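Take a look at the structure set out below.
Not measured: the values here are computed from a predicted model. What you see below is based on every heavy atom in this structure, not just the backbone, and it leaves out hydrogens, waters and symmetry mates.
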Amino acid sequence: MDSPLNSPVTSPMTSSDIRFGYGTNGFANHRLEDALAVIADLGYEGVALTLDHDHLDPFAPELPRRVEALAARLDRLGLAVVIETGARYLLDPRRKHAPTLLDDEPAARLDFLRRAVDIGADLGAEAVSFWAGVRPSPVSRGLAWDRLVRGCAEVVEAADAAGVRLGFEPEPGMLVETLDDWFALRGKLGAPGCFGLTLDIGHCRCVEPLPVADCVTKAGPYLVNVQIDDMRRDVHEHLEFGSGEVDFPAALRALAETGYRGLTAVELPRHSHAAPAVARTSLAFLTHARAAAEFLSATRVAEEVSL
């Protein structure tokens, strides 16, 4: 039976409803253990771990030992984790994000995603996130969709066996770039129970026709992973908070009211040069926005009670 993963919440949100994390792709110049320590010390509750050559390379030797050590460190630091799979040159040193599930030879991508699922299971990750990729120019749209559905079905099978939730992310410029595209993919897969949604708040402002808060409400029942950043209309550039056009109190209020209780992780992959400072100011901004969202939610509930 087709059922949502989250249930809407009608009571006022509280500050504990939204749990902020930070993405390790924004700490590319740090050792992973150092990045985790900084993220935890700043007060984040979790981490979005991008598997990459310098941050838990899934192809390096002694992976089980390294994953076990990482699980222990996350536990000591009190950090929850989601797994991200957007490393740029992990699979091909010459082509960004290649190969994808849309390419003629997707085997390397499928192997990587199966490894990510296994790592997610071993770490107790809240979700494993992935995306479609950009359609290669020689590949027709119909064929690209066939390849995507076939590849996603294999990943779903692996996730089902491992007891892992998948978060598929619509990404500007990729074959699946909007929420409607995600719903279409989910339908083609038969709406499997483990197949959830990764939503990037900034992407909503970039490509979606609806206001950001309405996008969050639409996505809410299916969310398993949320990324957060600022962005402008029609420009796919992850911006520091306050530099774009997103109404964050409205977006966070909508997020809390969907019933989503997973991580909401800062996604600033081009800010590693100033990672500790950016992470600090990001959390301060989001904490203030969360308080404003809580006020908006309480005001709305009070108005409804008075009617």
When rounded to the nearest 0.5 angstrom, what distance separates [atom1] in [X] from [atom2] in [Y]?
| X | Y | atom1 | atom2 | result |
| --- | --- | --- | --- | --- |
| F195 | R165 | CZ | CZ | 13.5 Å |
| S282 | R280 | OG | CZ | 10.5 Å |
| I18 | R253 | CD1 | CZ | 11.5 Å |
| H55 | L70 | NE2 | CG | 11.0 Å |
| D52 | L90 | CG | CG | 5.5 Å |
| L77 | E45 | CG | CD | 13.5 Å |

In terms of side-chain heavy atoms, does N225 have a donor or acceptor partner in E169 at a distance below 3.5 Å? no
Quick one: do the T217 and D214 side chains pair a donor with an acceptor below 3.5 Å? no
Side chains of [X] and [Y], heavy atoms from C-beta outward: is any pair under 4.5 Å?
| X | Y | answer |
| --- | --- | --- |
| R186 | Y222 | yes |
| R205 | R232 | no |
| H30 | S272 | no |
| V216 | Y260 | no |
| L175 | D181 | no |
| V278 | V266 | no |
| P99 | L91 | yes |
| V226 | L263 | no |

Test side chain to side chain contact (heavy atoms under 4.5 Å, CB included) on L286 and F241 and set out the steps. CA-CA 8 Å; L286 290 172; F241 300 105; 3.9 Å; yes
Hydrophobic cluster membership, [X] vs [Y], 4.5 Å side-chain cutoff:
| X | Y | result |
| --- | --- | --- |
| L123 | I39 | yes |
| L49 | F59 | yes |
| V164 | L113 | yes |
| L199 | F248 | yes |
| V82 | Y44 | no |

Verify, without hydrogens or angle tests, whether [X] (side chain) and [Y] (backbone) share a donor-acceptor contact under 3.5 angstrom.
| X | Y | result |
| --- | --- | --- |
| R109 | H97 | yes |
| R261 | A256 | yes |
| R73 | E33 | yes |
| T50 | T24 | no |
| H271 | F27 | no |
| H238 | E267 | yes |
| D230 | G244 | yes |
| T264 | F20 | no |
| R135 | L102 | no |
| D57 | D54 | no |

In this structure, are over 12 heavy atoms from other groups packed under 6.0 Å from E154 atom CD? yes
Determine whether more than 12 heavy atoms belonging to other residues, nucleotides or ligands lie under 6.0 Å from atom CD of E68. no
Least distance between heavy atoms, [X] atom then [Y] atom:
| X | Y | answer |
| --- | --- | --- |
| L239 | M231 | CD1-CA, 4.1 Å |
| P249 | A293 | O-CB, 3.2 Å |
| P170 | W182 | CG-CB, 4.0 Å |
| A132 | T100 | O-CB, 3.6 Å |
| C215 | L179 | O-CD1, 3.7 Å |
| V128 | G120 | CG2-CA, 4.2 Å |

ILVMFWY cluster membership beyond V134 - transitive side-chain contacts under 4.5 angstrom: W131, M174
Is V139 isolated, or which residues cluster with it under the ILVMFWY side-chain rule of less than 4.5 Å, directly or via members? L143
Could you check D104 against R147 for salt bridge (Lys or Arg N to Asp or Glu O under 4.0 Å), going step by step and ending with a plain yes or no? CA-CA 9 Å; D104 293 342; R147 289 177 173 180; 2.8 Å; yes
Give the C-alpha distance, both sets of side-chain angles, the deciding distance and a yes or no for side chain to side chain contact (heavy atoms under 4.5 Å, CB included) between F168 and L197. CA-CA 5 Å; F168 192 96; L197 172 63; 5.9 Å; no
Thinking salt bridges, do [X] and [Y] make one under a 4.0 Å N-O criterion?
| X | Y | result |
| --- | --- | --- |
| D92 | R95 | yes |
| D17 | R290 | no |
| R115 | D111 | yes |
| K218 | D180 | yes |

Start with the C-alpha gap between E126 and V224, add the side-chain angles, then the distance that decides, and say whether side chain to side chain contact (heavy atoms under 4.5 Å, CB included) holds. CA-CA 7 Å; E126 297 183 4; V224 298; over 6 Å; no
So, for H236 and H203, is the gap between ring centers shorter than 6.0 Å? yes
Derivation of the side chain to side chain contact (heavy atoms under 4.5 Å, CB included) call for V235 and C206: CA-CA 6 Å; V235 181; C206 180; 5.7 Å; no
Go through the structure and list residues passing side chain to side chain contact (heavy atoms under 4.5 Å, CB included) with A251, not counting sequence neighbours. I201, V212
